[in-house]
Protein chains: 2
Amino acid sequence: MTSQPAAAERQRDADRTKAEILEVARREFARRGYAGARVDEIADLMRTTKRMIYYYFGSKEQLYIAVLEQAYTEVREAERLVDVEHLAPVEAIRTLAELTFDHHDAHREFIKLVAIENIHQAEHIRKSEVLANLGTPVLDLIGRILRAGTASGDFVTEADAIDVHMMISSFCFFRVANQHTFGALFGRDMAAQEHRDRLRRMVGEMVVAYLRGAGSPDHPPDQGSR
Amino acid sequence: MTSQPAAAERQRDADRTKAEILEVARREFARRGYAGARVDEIADLMRTTKRMIYYYFGSKEQLYIAVLEQAYTEVREAERLVDVEHLAPVEAIRTLAELTFDHHDAHREFIKLVAIENIHQAEHIRKSEVLANLGTPVLDLIGRILRAGTASGDFVTEADAIDVHMMISSFCFFRVANQHTFGALFGRDMAAQEHRDRLRRMVGEMVVAYLRGAGSPDHPPDQGSR
DNA sequence: CATGTTACGAACTAGATAGTTAATTAATGT
DNA sequence: ACATTAATTAACTATCTAGTTCGTAACATG
């Protein structure tokens with residue numbers, strides 16, 4: 001079909017045009033939300049015309065879904081590179097938490113898209129078949145770490161993989177997604193460099209502490225001195 | 001000005017109309033986002049006409065800001081009722097976490113508005129003078145609990161009040177705000193009753209565990225057996 | 001009860017916005 | 001060289017949407 005091995009200087013290049021539309025559209029959707037983004041605006045930010053958007057994607061909604069699909073798959077591929085299996089349970093989960101942190105830090109546009117998609121009750125994600133079972137790999141990993149940690153005695157709290165994933169994600173997500181209202185209300189920019197490292201350590205310590213079971217009433221700390 | 005002590009059956013009632021507009025507008029903005037909400041739609045959902053929206057609020061944006069102001073202040077007033085001061089540090093912070101959880105659980109429309117506002121980089125909140133220093137009371141409370149806990153030896157981790165607040169909020173916020181994408185990806189509805197109680201306990205234990213310092217590398221658990 | 005003011009409704013408008021039509025030019029295969 | 005298909009452009013349209021105009025009826029006040 002359209003498969004010349006990248007003859008870089010062609011005047012007409014379906015793949016390139018398509019990619020450029022996706023890129024600009026992603027930026028615009030992330031900036032303004034689904035309803036707030038303008039098809040005309042997206043077109044004006046490229047050398048292509050609006051017609052091409054409809055030529056390749058059919059409608060604003062389908063374009064938006066394509067953007068979501070691309071963003072999600074990109075992000076999951078990045079996650080796959082992580083190897084924490086060789087680490088001891090405590091270090092494994094701490095590292096995973098910190099990597100998740102980095103990940104959220106590095107893909108802010110993606111975070112915004114997720115937030116936007118939640119406002120729309122994930123109706124577009126549900127329309128996409130590509131994005132159905134994209135969550136499982138992380139859960140498998142966490143599951144293995146949890147079992148290893150319980151077996152070694154490092155983890156005391158009986159935890160569910162999904163819950164732990166949620167705990168880590170929530171912290172990382174919130175810091176990026178809610179930086180603006182949080183900043184406006186509490187006068188602190190969580191996303192700023194000066195807080196980054198401390199908060200990064202914090203996620204790791206949080207999960208580890210939780211799994212070690214220091215939170216439950218029947219496991220008081222060892223050096224208690226009341 | 002317009003101050004009859006609620007003569008319930010008046011045909012014209014500025015306060016009532018204004019209140020109704022705000023109520024419907026809040027629902028619509030929370031549902032569809034700022035750009036997605038339609039002034040006409042808001043009008044059609046009431047017995048009042050669109051004209052009244054402009055009569056009382058001037059513009060779509062000012063209406064939206066009014067909605068935000070109302071939602072935020074309502075929510076902060078609810079928070080003020082909480083009394084955890086008489087509790088011991090560990091129970092105080094755990095209770096605060098669980099109350100924050102309940103609070104998020106009970107005000108989902110508000111959560112959505114916050115999420116929406118973050119997509120717009122909090123530009124509307126910043127335009128409002130009402131919403132400037134609304135965050136402080138919670139921070140004071142957490143600060144006191146932290147100091148008490150450190151003094152009593154219950155808390156080992158040196159933590160900042162804002163960080164702790166963020167940690168609690170992120171968990172509670174995420175569960176509600178991201179329920180849809182999370183559900184779509186991991187097949188679990190975090191907001192459902194069946195997970196509610198477990199996750200509620202989880203926030204409490206998480207904060208307590210973190211503050212007890214079980215997460216840092218130099219504080220291994222007491223019954224360690226590797 | 002006359003008069004001014006406040007609250008309200010119906011219909012209108014200018015500009016924006018998603019989506020289209022139809023003609024045109026570049027690449028490709030034969 | 002030529003016909004076919006894929007990629008692209010420019011101009012157009014129907015509809016939607018925030019915001020307005022203007023008239024009117026209820027209420028308060030002297």
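Everything numeric in this text was worked out from a predicted model, so none of it was measured. Excluded from the calculations below are hydrogen atoms, water molecules and symmetry mates; all remaining heavy atoms, backbone and side chain alike, are included. Proteins come first, then strands; the chains are lettered A, B, ... in the order of their sequence lines, and each starts at number 1.
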Would you say [X] reaches [N]'s phosphate, i.e. side-chain N/O to OP1/OP2 under 4.0 Å?
X: R38(B); N: dT17(D); result: yes
X: Y56(B); N: dC8(C); result: yes
X: T17(A); N: dA7(D); result: no

Pairwise 5' ranking along DNA chain D for S59(B) and R47(A), keeping only the more 5' one:
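By nearest-heavy-atom nucleotide position, the 5'-most residue is R47(A).
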
Using a strict threshold of under 4.0 Å (side-chain N to carboxylate O), is an ion pair present between R31(A) and E41(A)?
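Salt bridge between E41(A) and R31(A), a charged N being under 4.0 Å from a carboxylate O: no.
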
Output the single nucleotide from [options] whose closest atom is nearest the side chain of [X].
X: Y54(B); options: dA10(C), dA7(C), dA18(D); answer: dA18(D)
X: R12(A); options: dG9(C), dA6(D), dT9(D); answer: dA6(D)
X: V39(A); options: dA10(C), dA18(C), dA18(D); answer: dA18(C)

Starting at atom [atom1] of [X], determine the distance to atom [atom2] of [N], rounded to an integer number of angstrom.
X: D40(A); N: dT15(D); atom1: CG; atom2: P; result: 18 Å
X: I53(A); N: dT8(D); atom1: CD1; atom2: P; result: 13 Å
X: E28(A); N: dA18(C); atom1: CD; atom2: C1'; result: 16 Å
X: M46(A); N: dA7(D); atom1: CE; atom2: C1'; result: 14 Å
X: D44(A); N: dA16(C); atom1: CG; atom2: P; result: 12 Å
X: Q62(A); N: dG19(C); atom1: CD; atom2: P; result: 9 Å
X: D13(B); N: dG9(C); atom1: CG; atom2: P; result: 13 Å
X: M52(A); N: dG19(C); atom1: CE; atom2: C1'; result: 14 Å

Neighbour count >12 (heavy atoms, 6.0 Å) for atom CD, Q193(B):
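No, the 6.0 Å shell around CD holds no more than 12 heavy atoms from other groups.
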
Can you name the closest pair of heavy atoms from L45(B) and E28(B) and give their distance?
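Here L45(B) and E28(B) meet closest at CD1-OE2, 3.5 Å.
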
If I compare all heavy atoms of E117(B) with all of E123(B), which pair ends up nearest, and what's the gap?
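Taking every non-hydrogen atom into account, OE2-N, 3.5 Å.
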
Quick check: any donor-acceptor pair below 3.5 Å linking the side-chain of [X] to the base of [N]?
X: R51(B); N: dT21(D); result: yes
X: K60(A); N: dG19(C); result: no
X: K50(A); N: dG19(C); result: yes

Please classify the nucleic acid contact of A37(A) as base, sugar-phosphate, or nothing, using heavy-atom distances under 4.0 Å.
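Answer is sugar-phosphate: A37(A) comes under 4.0 Å of backbone atoms only.
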
Using a 4.0 Å heavy-atom cut-off, does F57(B) contact any base of the nucleic acid, only the sugar-phosphate backbone, or nothing at all?
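Contact class for F57(B): none.
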
Is it true that the side chains of S128(A) and E69(A) contain a donor and an acceptor less than 3.5 Å apart?
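Their side chains do contain a donor-acceptor pair, which is all the 3.5 Å distance test asks for.
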
